[in-house]
Amino acid sequence: MSAVASTTPGARFRHLEATVDQLQAEMGAGRLSAQALTAAYTARIRALDRHGPSVGSVIEMNPDASAIARALDRERETTGPRGPLHGIPVLIKDNIATGDRMSTSAGSLALAGVTAIRDSHLVARLRDAGAVILGKTNLSEWANIRSSHSTSGWSARGGQTRNPYALDRNPSGSSSGSAAAVASNFAAVAVATETDGSIVSPANANGVVGIKPTVGLVSRDGIIPISHSQDTAGPIGRTVADAAALLAAIAGVDAHDAATSEAKFADYAKALRGNALKGARLGVVRSEFGSSPAVDEVIEDALRLLAAKGAVLVDPVELQLAAELQEAELDVLLTELKAGVAGWLPEFMPQAPVQSLADVIDWNTAHTAEELRWFGQEFFEQAQARGDLKSPEYLRSLSTCRRVARREGIDATLRADSLDALVAPTGGPAWLTDLVNGDHYGGSFSTPAAVAGYPHVTVPAGFVHGLPVGISFVGTAWSEARLIGLAHGFERAASARRPPTFAASAALGGD
């Protein structure tokens with residue numbers, strides 16, 4: 001264990017690795033209050049995120065968190081808890097609107113200090129559930145849609161988030177802060193967002209559980225948009241049960257988001273009961289292996305464990321993704337980005353100095369030294385040059401994405417062998433952070449589910465030289481409960497999660 005981990009005040013944190021259920025039991029028994037828990041997490045963030053190893057995962061603390069917690073403690077005493085999240089501190093990614101004194105900035109200095117005029121739907125649901133909004137987490141600026149040469153976890157407002165397992169390595173993104181914070185025990189759970197990989201990739205790199213729901217299960221209202229076709233919020237937790245509890249709180253029908261009217265909700269807590277692995281048919285996507293022999297070894301062990309617990313492995317299966325998918329996806333993302341930003345800013349921040357993507361481009365150009373020091377904004381510029389949502393090019397690309405990823409991709413593969421889910425390595429271990437050259441990923445299984453808008457759950461599977469790697473479970477639309485059950489079964493059998501030590505670099509001689 002590094003000297004940082006053993007000597008800092010945060011290392012003696014009494015709630016290390018505590019689950020939502022455990023914290024709720026402590027509060028129910030009167031041994032813990034929401035206010036005390038909020039204070040404890042706040043102190044740990046000061047000790048380890050702002051100082052000490054300086055993870056840099058929390059971009060802003062909620063100045064009202066203590067008062068909210070105190071009010072929830074009084075409510076517990078008088079009328080009892082509202083539910084599983086009553087009094088539980090939750091961190092929120094800084095591209096999700098909170099109608100309070102905190103900024104909603106996507107990490108951009110153009111929106112620093114600007115507050116949203118109302119809560120997003122999911123934040124309103126969290127408040128109704130009795131959660132304490134503890135603060136906002138750092139992210140890859142603008143959810144990593146500004147440049148193809150970006151460095152994940154960096155924003156002009158928040159700086160660089162670091163991976164708590166090896167501080168010189170990258171936390172991945174764009175929900176870098178949400179994953180690094182939960183891994184570091186700065187909160188039990190956090191809300192993240194994904195367009196393609198932004199929940200599952202940082203969850204993989206930081207040794208936590210990430211759930212990317214079907215698009216429409218959680219309202220997109222209030223999330224600074226990239227793509228209405230692929231954007232979704234989702235939970236990050238240290239256990240599947242914690243992530244499921246957060247998903248249950250934020251999922252729901254919203255009049256502001258028509259996609260939620262088609263959602264099929266389930267009892268995610270019930271999905272944690274029993275042995276979901278027994279008899280489950282899991283298709284092994286071998287095309288996702290081969291990026292790293294060390295990662296492959298970890299996942300081979302995971303597959304043997306799944307089989308030992310009763311799963312039927314169909315190995316291999318072919319997930320057919322046509323070559324034109326990558327180009328079509330980018331066209332969809334950039335076209336929808338231009339339209340989405342033009343709608344979001346006037347609705348949620350009419351007082352902001354930027355009101356369109358063109359405004360943001362101009363603002364960044366005028367503040368080159370602060371915003372464009374490490375990488376540019378070529379994706380923004382390409383998006384600004386795109387047509388509108390009625391253009392034939394966009395409609396053709398959108399049709400290609402849905403056909404290839406859904407009907408001819410995931411659904412066809414599941415149907416061919418009567419599969420419950422697809423399994424594969426989520427991605428490679430964390431890479432060295434390099435602001436000069438940008439990211440260099442080591443494989444990723446995010447795209448099929450992301451483009452399809454289908455659910456994807458990643459769970460810690462093991463370590464490579466002290467760096468965590470995860471295994472993915474992917475299914476068809478609205479299959480979250482099934483995937484949660486499968487992931488929970490694997491998690492219980494593998495027990496692969498272990499807290500970080502905030503080491504300076506990876507343990508190249510270890511596992």
Side-chain angles (χ1 to χ4, degrees), residues 165 172 179 183 197 199-212 236-244 271-272 274-317 319 410 413-414 417 419-430 442-446 448-449 455-475 479 482-499 510-511:
Y165 287 89
S172 191
I199 291 174
V200 296
S201 293
N204 169 75
N206 291 275
V208 289
V209 175
I211 302 176
K212 185 205 85 72
I236 286 179
R238 288 184 295 274
T239 68
V240 175
D242 283 358
L272 304 170
N275 182 7
L277 290 174
K278 188 172 179 61
R281 294 179 58 82
L282 306 178
V284 181
V285 186
R286 284 285 165 186
S287 60
E288 298 299 321
F289 289 67
S291 296
S292 164
V295 172
D296 289 352
E297 184 177 343
V298 170
I299 303 305
E300 293 293 356
D301 287 342
L303 294 176
R304 284 189 285 270
L305 185 57
L306 288 168
K309 293 299 177 181
V312 177
L313 300 184
V314 180
D315 186 4
V317 297
L319 180 58
I410 292 173
T413 304
L414 292 173
D417 290 295
L419 301 174
D420 293 286
L422 306 176
V423 294
T426 306
S444 173
F445 186 46
S446 67
H456 182 167
V457 180
T458 181
V459 185
F463 289 82
V464 173
H465 298 296
L467 301 171
V469 291
I471 185 170
S472 287
F473 298 84
V474 167
S479 64
R482 184 60 168 146
L483 299 182
I484 286 168
L486 296 170
H488 178 64
F490 172 78
E491 176 187 62
R492 290 178 61 191
S495 299
R497 160 74 191 172
R498 66 179 186 237
D511 63 348

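Below, each value reflects all heavy atoms present in this structure, side chains not excepted, and no hydrogens, waters or symmetry copies. Model, not experiment: these values are computed from the prediction.
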Notebook entry, point to check: Do side-chain atoms of Asp296 reach the backbone of Ser291 as a donor and acceptor pair under 3.5 angstrom?
Noted result: no
Next item on the list: State whether the number of non-hydrogen atoms from other residues, nucleotides or ligands found under 6.0 Å of Glu300 atom CD is greater than 12.
Entry: yes
Next item on the list: Walk me through it: do Glu491 and Thr239 pass the test side chain to side chain contact (heavy atoms under 4.5 Å, CB included)?
Entry: CA-CA 8 Å; Glu491 176 187 62; Thr239 68; 3.6 Å; yes
Note to self: Taking salt bridge (charged side-chain N to carboxylate O under 4.0 Å, His left out) as the definition, give me every residue that meets it alongside Arg304, ordered by chain and number, with sequence neighbours left out.
What the structure shows: Asp301
Check: Do the side chain of Arg497 and the main chain of Gly207 share a donor and acceptor less than 3.5 angstrom apart?
Finding: yes
Check: Which atoms form the tightest heavy-atom contact between Gly466 and Arg498, and what is the distance?
Finding: CA-NH2, 4.4 Å
Notebook entry, point to check: Of all heavy-atom pairs between Gly489 and Leu277, which one has the smallest distance, and what is that distance?
Noted result: C-CD1, 3.5 Å
Note to self: For Val295, is there any backbone N or O sitting under 3.5 Å from a side-chain donor or acceptor partner on Ser292?
What the structure shows: yes
Note to self: Is a donor from one side chain sitting under 3.5 angstrom from an acceptor on the other, for Ser446 and His456?
What the structure shows: no
Notebook entry, point to check: CG of Asn204 to OG of Ser444: how many Å apart, nearest 0.5 Å?
Noted result: 8.0 Å
Next item on the list: Would you please test Leu306 and Phe473 for side chain to side chain contact (heavy atoms under 4.5 Å, CB included) and show each step?
Entry: CA-CA 12 Å; Leu306 288 168; Phe473 298 84; 4.2 Å; yes
Notebook entry, point to check: What distance do Arg281 atom CZ and Leu419 atom CG have between them, rounded to the nearest 0.5 Å?
Noted result: 6.0 Å
Next item on the list: Can you see which heavy atom on Ala203 is nearest to which on Ala179, and at what distance?
Entry: N-CB, 4.0 Å
Next item on the list: Measure the spacing between CG of Leu414 and CG of Asp420 and express it to the nearest 0.5 Å.
Entry: 8.5 Å
Item checked: Residue that, paired with Val284, satisfies side-chain contact (heavy atoms from CB on, under 4.5 Å) out of Val317, Leu303, Ile299 -> Leu303
Margin query: Please give me the minimum heavy-atom distance between Ala280 and Leu486, naming the atom from each residue.
Written below: CB-CD2, 3.5 Å
Notebook entry, point to check: Looking only at heavy atoms, what is the nearest atom pair of Ile211 and Ala243, with distance?
Noted result: CD1-CB, 3.7 Å
Check: Has Arg492 got more than 12 heavy atoms of other residues, nucleotides or ligands less than 6.0 Å from its CZ?
Finding: no
Check: In Å and rounded to the nearest 0.5 Å, what is the NE2 to CG distance from His488 to Leu272?
Finding: 5.0 Å
Next item on the list: Evaluate the side-chain proximity of Phe445 to Leu319: yes if any heavy-atom separation is below 4.5 Å, no if none is.
Entry: yes
Note to self: Could you tell me if the side chain of Pro468 sits less than 4.5 Å from the side chain of Pro460, heavy atoms only?
What the structure shows: no
Check: How long is the span from the OG1 atom in Thr458 to the CG atom in Leu483, to the nearest 0.5 Å?
Finding: 11.5 Å
Notebook entry, point to check: How close do Thr426 and Ser472 get, heavy atom to heavy atom, and via which atoms?
Noted result: OG1-OG, 2.7 Å
Notebook entry, point to check: Would Asp242 and Val209 count as a side chain to side chain contact (heavy atoms under 4.5 Å, CB included) if you check the C-alpha gap in whole Å, the side-chain angles of each, and the deciding distance to 0.1 Å?
Noted result: CA-CA 9 Å; Asp242 283 358; Val209 175; over 6 Å; no
Note to self: Quick one, Pro425 and Phe289 - any side-chain contact, counting heavy atoms below 4.5 Å?
What the structure shows: yes
Notebook entry, point to check: Where do Ile236 and Asn206 land on the side chain to side chain contact (heavy atoms under 4.5 Å, CB included) test, with the steps shown first?
Noted result: CA-CA 11 Å; Ile236 286 179; Asn206 291 275; over 6 Å; no
